[in-house]
Amino acid sequence: MRVSDLLRILALIFVLITSWIFIYSYFSFSKRTIGLPRWLGSDSKKIRVVKNKCGLSKPCADNFFAFKICSGAANVVGPSICFEDHMIMSPVKNNVGRGLNIALVNGTTGMVLKHDHFDMYSGDVQLLVKFLKGISEGMLVLVASYDDPGTKMNDEIRAFFSTLGSSYAKHLGFRDSWIFLGAKDIKNKSPFEQFLKNNPNTNKYDGWPEMLELEGCVPRKVL
């Protein structure tokens, strides 16, 4: 046998041996890699995402109702009212309108009793007066403004909202932003209220102040 033939045979044997070593090492590593997640999964704890009612940042305690109220943004985006994870009024539900958007809720059971919107720019203000006169003790009143809540606001309506615990109804005017939660039998002023005056120097939008957002936990009325 010539030397050149011997060298070819040795080279072929070397290639076969190195290929076998490479293939063996690769599959051994793959087995260890595939087995790793299973090993981790046996000891890892499942992550559970908790969603609070109405998307609140913190959950409410027992005997408290969760709520979230957003005013409208200028005359473009409508307001929304959520109570106990129930979206009562919103642009998506197509049941909001210019002026004041109001929802009435049973303060003991949390049941939604009635909701409506009232045009405070060119609508019949007596419809709002009739609605407010129908509020009885034990009811929670949730209010969100949209576009213009104050043009047709009169002293009678301001007095109604003041008896529900509002501190700002008496100041409400053209294109102001206002959100509020009160009750018929409240003894003091409600802590759940926000108000922004329409002011060309501070308005966020062209002709309107910025949108307001209020969330919180209101105590259940215990009979």
Side-chain angles (χ1 to χ4, degrees), residues 53-54 56 60 63-72 78-91 93 95-120 123-173 176-196 211-223:
K53 292 179 180 179
C54 292
L56 267 61
C60 294
N63 289 324
F64 280 78
F65 293 123
F67 75 90
K68 187 172 186 177
I69 307 173
C70 299
S71 70
S80 62
I81 298 177
C82 178
F83 192 86
E84 278 294 281
D85 223 22
H86 174 206
M87 188 61 70
I88 304 173
M89 305 182 74
S90 74
K93 295 178 75 72
N95 61 354
V96 297
R98 176 175 67 178
L100 294 176
N101 296 264
I102 308 176
L104 304 182
V105 177
N106 186 302
T108 301
T109 66
M111 181 182 296
V112 178
L113 303 173
K114 188 186 297 186
H115 60 80
D116 208 342
H117 55 86
F118 303 90
D119 188 341
M120 299 300 289
D124 183 359
V125 74
Q126 290 304 314
L127 295 176
L128 175 57
V129 172
K130 181 180 179 180
F131 184 90
L132 294 174
K133 286 183 176 180
I135 298 174
S136 59
E137 289 191 5
M139 287 186 183
L140 297 176
V141 184
L142 295 84
V143 185
S145 68
Y146 179 35
D147 187 6
D148 176 23
T151 294
K152 286 206 167 186
M153 182 72 66
N154 58 35
D155 291 340
E156 183 180 15
I157 297 173
R158 295 181 197 277
F160 267 119
F161 282 118
S162 294
T163 60
L164 296 173
S166 173
S167 300
Y168 295 105
K170 57 186 176 183
H171 304 299
L172 200 61
D176 292 343
S177 286
W178 181 48
I179 48 179
F180 167 67
L181 186 151
K184 176 73 173 181
D185 51 356
I186 193 169
K187 295 180 181 179
N188 301 307
K189 292 300 180 182
S190 171
F192 304 116
E193 185 173 25
Q194 290 186 17
F195 172 75
L196 269 181
M211 180 188 78
L212 296 175
E213 183 176 302
L214 176 67
E215 66 175 47
C217 305
V218 61
R220 183 191 302 266
K221 180 178 174 59
V222 180
L223 296 178

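In what follows, every heavy atom counts, from backbone to side chain, and hydrogens, waters and symmetry copies are set aside. All of these numbers come straight from a predicted model, not from anything done at the bench.
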N/O donor-acceptor pair under 3.5 Å between S71 side chain and L212 backbone: yes
Nearest 0.5 Å, what's the OG-CG distance between S190 and L164? 9.5 Å
Is there side-chain contact between I157 and V129, with at least one heavy-atom pair below 4.5 Å? yes
Filter on side chain to side chain donor-acceptor pair (under 3.5 Å), then keep only pairs touching residues 133-150, sequence neighbours left out; what's left? D147-W208, D148-T151
Gap separating the CZ atom of F65 from the NE2 atom of H86, nearest 0.5 angstrom: 14.0 Å
Going from CG on N101 to CE on M89, what distance comes out if it is rounded to the nearest 0.5 angstrom? 4.5 Å
Q194 side, atom CD; I179 side, atom CD1 - distance, nearest 0.5 Å: 4.0 Å
Donor-acceptor under 3.5 Å (K189 side chain, G165 main chain): no
Output the distance between atom CD1 (I102) and atom CG (L128), rounded to the nearest 0.5 Å. 5.0 Å
Has the side chain of R220 got a donor or acceptor atom that lies under 3.5 Å from a matching backbone atom of T108? yes
Side chain to side chain donor-acceptor pair (under 3.5 Å) filter on D176, not counting sequence neighbours, yields K197
Residues which pass side chain to side chain donor-acceptor pair (under 3.5 Å) with E215, listed by chain and number, not counting sequence neighbours: S57
For the residue pair F195 and H171, categorise the inter-ring angle as parallel (less than 30°), tilted (30 to 60°) or perpendicular (more than 60°). tilted
Between E193 (side chain only) and S167 (backbone N and O only), is there a donor and an acceptor less than 3.5 Å apart? yes
In this structure, CZ of F161 is separated from CG of L172 (nearest 0.5 Å) by 8.5 Å
Counting C-beta onward and ignoring hydrogens, is there a side-chain heavy-atom pair between I69 and F180 closer than 4.5 Å? no
Hits for side chain to side chain contact (heavy atoms under 4.5 Å, CB included) against T163, two or more places apart or cross-chain, chain-then-number order -> none
List in chain and number order the residues that pass salt bridge (Lys or Arg N to Asp or Glu O under 4.0 Å) with K152, two or more places apart in sequence or in another chain; answer none if no residue qualifies. none
If the condition is side chain to side chain donor-acceptor pair (under 3.5 Å), which residues does D85 pass it with, not counting sequence neighbours? K51
